[in-house]
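Residue numbers start at 1 and run along the sequence shown. Computed over heavy atoms, backbone and side chain alike; hydrogens, waters and symmetry mates excluded.
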Amino acid sequence: EDSKIRNGIIDKNDILRVKAFCEQTLWMIKNKIIQNCFDREKIEIIYFYPDSMSAEVREMFEDIWNEAKSKVFDDCGFGDVTIRAELEAVAPYYALLKNNNDLYTCTSANIDVGGGTTDIFILDRHTNNLSEGIDGFAYESSVMFAGNDIWGANCLEADAHNESNGFVTMMEHNLSSSAKAKYEKVSNKKIMSEVVSFFFKNDEEFQFSERVRSYSGLKYILFIHYAAIIKYFTDILKAIRKENPDFVFPKILNFTGKGSDYIKLIASSSKLDKQTEEISDLTYDLFQSFGIDVENEFKEGFDVKFVNNPKALTADGGVSELLMNRGAEGNAINLFDKEKAERSSRRSTSQAADSRMQVPYYRIGKKCLGFELEPSEVIAIRNADSLKMRVLNSFDIFVETVFSDQYQKLLSVKISKDEIDNFKSLANNSFDVYVKRFMAKNKSKFDDPLTENIFFFTLKNTLVDYSKVVAKNLIKK
């Protein structure tokens, strides 16, 4: 449902549900303020949105939040209450900066994996050609490809309220009679992502993580998903390098967001330090496979890091942002949207004189569409459905990489040519379904430039459908 709204597929019931959610959230905030005797005179509330969310949906949320704010806070003894939106990609980084001063001194990146979107933020502190008053550059991107594309359902099945998922099928087949009784009482068997969430929440009892780790065929699906995110990340790094030849590749890659928990399941170990080491090595190999000269680009080393309680980090980052941009923290950073600043001349003399680090960020993801572009090539949305062969050419290269002997051996799996061909066929169908939806959603904006990465249309249904094939074969054995 969350992904459905983010994609702009909204009906009247969805709007009512969003209104109820926003209003209830503000009531909870109000009660918290009253119960703890917090200051009521000036209240700042931040909510987060992914850059991949359409302008129409962002406007809908803005209107609904402001309407809810009026209902909850007007004429009841509260003072100035403001509510505003911030980019989801930026927020976790403020929390990471607060907890790790090393991020101020080297180029680093954060990939925030949620249920519906993956948001990337890169802070470059090594660039040599910094202009006066600028202390670095930041780059932001967002794509609608995340946890639900593993744990959810084929979108056509979801529309028909007839969802299925191979990971869930595997679990149901292996449940003991006592576990099955609890599962059937508690779980919502209609929405696959919620069923998987139930298994994760009760992991100690149901051993979901260990089961996934023990079935190499299903674990390989997690690897493919992760490899797709790393491919996208490498495309962004290459795009930045084209824009800025002095750009230094990240030394640290942080993962946040609840959706990122699955990445650790790809590792063979159940211990966090070993998992982190394995995933760092795997990521290094994937960088090389996707065309990065790793020996030259990572001379200072490269590490993947996971955070504790990734779900809470975005909220923590929102609070940290408020404090930092008030100058309340000694080592603060002021991130601002360079494009907006240039359009509105927002960067005043007082801002330039600010003692905090001044770091403009760019929406670099809008230049990474998932296939090779000619120099200065601009494609209108109306032509998105004609790009299928260019996208599938890019996808074929991706398939050759992720199904290569190197990674099959690494993850102890053997996948036949017939299975790979079936995977490609599923991807072909997935692209057709999603490009059709994309065109329908954007029919009023056909002349606008295409800024969405449509490579992921090949995987949106494919990973779920392939999981069902793998689970069926496992059950046969």
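Contact check for L237 versus F290: no side-chain heavy atoms found under the 4.5 Å cut-off. Using a 4.5 Å cut-off on side-chain heavy atoms (C-beta onward), I15 and M60 make contact. With a 4.5 Å cut-off on side-chain heavy atoms, K305 and L253 do not count as touching.
Interatomic distance, OG1 of T169 versus CE of M192, reported as 7.5 Å (0.5 Å rounding). The CG atom of L369 sits 8.5 Å away from atom CD of E377, with the distance rounded to the nearest 0.5 Å.
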Criterion ring-ring contact (aromatic ring centres under 6.0 Å, His included) on F255 and Y262, from CA distance to verdict
CA-CA 11 Å; F255 279 97; Y262 85 86; 8.6 Å; no

For the pair Y49 and Y47, evaluate ring-ring contact (aromatic ring centres under 6.0 Å, His included) and give the outcome as yes or no after the intermediate values.
CA-CA 7 Å; Y49 71 94; Y47 66 93; 7.3 Å; no

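Side chain of R390 to main chain of E372: a donor-acceptor pair is present (N/O by atom type, distance under 3.5 Å, no hydrogens or angles). The backbone N or O of A158 lies less than 3.5 Å from no partner atom in the side chain of N162, so there is not a single donor-acceptor pair. No side-chain donor-acceptor contact under 3.5 Å links N244 to the backbone of I240.
In K388, the NZ atom is crowded: over 12 heavy atoms of neighbouring residues, nucleotides or ligands sit closer than 6.0 Å.
With no hydrogens or angles considered, a side-chain donor-acceptor pair links T283 and Y226 at under 3.5 Å. Side-chain atoms of E419 and S416 include a donor-acceptor pair closer than 3.5 Å. For the residue pair N296/D293, the side-chain donor-acceptor check at 3.5 Å is satisfied. Side-chain N/O atoms of T117 and D119 include a donor and acceptor closer than 3.5 Å. Judged purely by distance below 3.5 Å, without hydrogens or angles, the side chains of S289 and Y407 pair a donor atom with an acceptor atom. There is a side-chain donor-acceptor pair under 3.5 Å between E172 and Y183. Checking S164 against K468 by side-chain atom types alone, a donor-acceptor pair falls below 3.5 Å.
A salt bridge does not link D432 with K436: none of the charged nitrogens is closer than 4.0 Å to a carboxylate oxygen. No salt bridge links K366 with E452; every basic N to acidic carboxylate O contact stays at or beyond 4.0 Å.
Ring geometry for W151 versus F167: interplanar angle over 60°, hence perpendicular rather than tilted (30 to 60°).
Each of N461, T462, V391 was scored for a side chain to side chain contact (heavy atoms under 4.5 Å, CB included) with F431, with one residue passing: V391. With I266 as the partner, the side chain to side chain contact (heavy atoms under 4.5 Å, CB included) test is satisfied by one option alone out of V212, L222, I221: L222.
Every residue two or more places apart in sequence or in another chain was checked for a ring-ring contact (aromatic ring centres under 6.0 Å, His included) with Y215, and none qualifies.
A cation-pi contact, defined as under 6.0 Å to the ring centre and within 45° of the axis, is absent between K258 and F200.
Proximity of the aromatic rings of Y232 and F456 is defined here by a centroid distance below 6.0 angstrom, and this criterion is met.
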Would you tabulate the side-chain donor-acceptor contacts of residues 395-406 under 3.5 Å, counting partners in other chains and residues two or more places apart, or write 'none'?
residue : atom : partner : partner atom : Å
T401    : OG1  : I397    : O            : 3.1
S404    : OG   : T401    : O            : 2.8

